[in-house]
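Beneath this line is the structure, given in structure tokens, with notes to follow.
Values below: all heavy atoms of this structure, side chains included; hydrogens, waters and symmetry mates excluded.
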Amino acid sequence: MTTPDLPGAVQQFVDAINSADTDAFVAAFTEDGFVDDWGRVLRGHDGVRSWAGSDAIGAGARMTVLSASVDGSTVRIHFDWRSDVFNGESDGIFELDGDRIAGFTIPPVH
């Protein structure tokens, strides 16, 4: 399978998760960036680091982007996730601010 072309900050996000590099993960975000995981919103570098520790890197996560589309500063992905917390496919929406992530949202499945 070919990995979709992703903007640099999104690729950094994925690479940081898969290499368990929390500092690189946090650095992909703006200082006031956020993660919104099914309505649980964690803001700023401390919040992003907290989510990485509880739900991503700290949970042994592996992320594979299955498809991606870019529309201006919005990047939508469909991905496979394997971790101690969740296993399965999901969608994600990134809002970019220049070369950093302003927000990453995992919308609830309906």
Side-chain angles (χ1 to χ4, degrees):
M1 172 184 353
T2 303
T3 302
D5 287 333
L6 299 171
V10 176
Q11 188 64 58
Q12 180 179 342
F13 174 102
V14 174
D15 291 345
I17 288 173
N18 291 338
S19 64
D21 186 340
T22 302
D23 290 336
F25 181 82
V26 173
F29 285 81
T30 60
E31 286 190 32
D32 59 348
F34 67 88
V35 173
D36 178 345
D37 187 351
W38 286 46
R40 185 183 72 159
V41 180
L42 298 143
R43 297 186 180 280
H45 280 179
D46 288 344
V48 168
R49 183 176 298 278
S50 172
W51 184 82
S54 62
D55 291 66
I57 294 167
R62 298 287 299 165
M63 182 180 200
T64 304
V65 177
L66 303 173
S67 64
S69 65
V70 179
D71 183 8
S73 62
T74 302
V75 180
R76 295 179 182 276
I77 64 170
H78 184 73
F79 62 94
D80 183 67
W81 185 269
R82 301 288 153 190
S83 76
D84 298 337
V85 176
F86 173 81
N87 292 296
E89 293 184 13
S90 194
D91 294 311
I93 305 163
F94 293 90
E95 290 298 330
L96 303 180
D97 181 358
D99 63 352
R100 296 284 174 252
I101 298 165
F104 173 62
T105 300
I106 303 170
V109 177
H110 296 286

- Any chance you could measure His45, atom NE2, to Asp32, atom CG, to the nearest 0.5 Å? 8.5 Å
- Message: Show the nearest heavy-atom pair for residues Asp99 and Ala9, with the distance to one decimal.
- Response: O-CB, 3.4 Å
- Are Asp23 and Arg49 close enough for a salt bridge, meaning some N to O gap below 4.0 Å? yes
- Message: Check whether Arg82 reaches the backbone of Asn87 with its side chain - one donor and one acceptor, N or O, closer than 3.5 Å.
- Response: no
- Item | Closest heavy-atom pair and its distance - Ala61, Asn18 | O-OD1, 4.3 Å
- Item | Distance, nearest 0.5 Å, that separates CD1 of Ile106 from CG of Asp37 | 4.0 Å
- Message: In terms of relative ring orientation, are Phe25 and Phe29 parallel, tilted or perpendicular, with 30° and 60° separating the classes?
- Response: tilted
- Query: Between the side chain of Ser83 and the main-chain N/O of Val85, is any donor-acceptor distance below 3.5 Å?
  - Reply: yes
- In Å, rounded to the nearest 0.5 Å, how long is the span from CZ of Phe79 to CG of Asp91? 7.5 Å
- Message: For a ring-ring contact (aromatic ring centres under 6.0 Å, His included) check, start with the C-alpha distance between Phe104 and Phe34, then their side-chain angles and the critical distance, and finish with the verdict.
- Response: CA-CA 6 Å; Phe104 173 62; Phe34 67 88; 9.2 Å; no
- Check whether any side-chain heavy atom of Ile101 lies under 4.5 Å from a side-chain heavy atom of Leu96, and answer yes or no. yes
- How far apart are the closest heavy atoms of Ala20 and Ile57, and which atoms are they? CA-CG2, 3.7 Å
- Item | Check: Ile77 and Leu6 side chains under 4.5 Å, non-hydrogen atoms | yes
- Mind listing the closest non-hydrogen atom pair of Gly47 and Leu42 along with its distance? O-CB, 3.4 Å
- Message: Please report the interatomic distance CG(Asp80) to CG(Leu66), rounded to the nearest 0.5 Å.
- Response: 6.0 Å
- Message: Just so I know, are the side chains of Trp81 and Ile17 near enough to count as touching, which here means a heavy-atom distance under 4.5 Å?
- Response: yes
- Task: Enter the distance from Asp84:CG to Ser54:OG here, rounded to the nearest 0.5 Å.
- Result: 12.0 Å
- Within the distance-only criterion (no hydrogens, no angle test), does the side chain of Glu89 pair as donor or acceptor with the backbone N or O of His78 below 3.5 angstrom? no
- Message: Restricting to non-hydrogen atoms, name the atom on Thr30 and the atom on Ala102 that form the minimum distance, rounded to 0.1 Å.
- Response: OG1-CA, 3.7 Å
- Flag yes if more than 12 heavy atoms outside Arg76 fall under 6.0 Å of its CZ atom; otherwise flag no. no
- Query: Between CG of Asp15 and CE of Met63, what distance do you get to the nearest 0.5 Å?
  - Reply: 11.0 Å
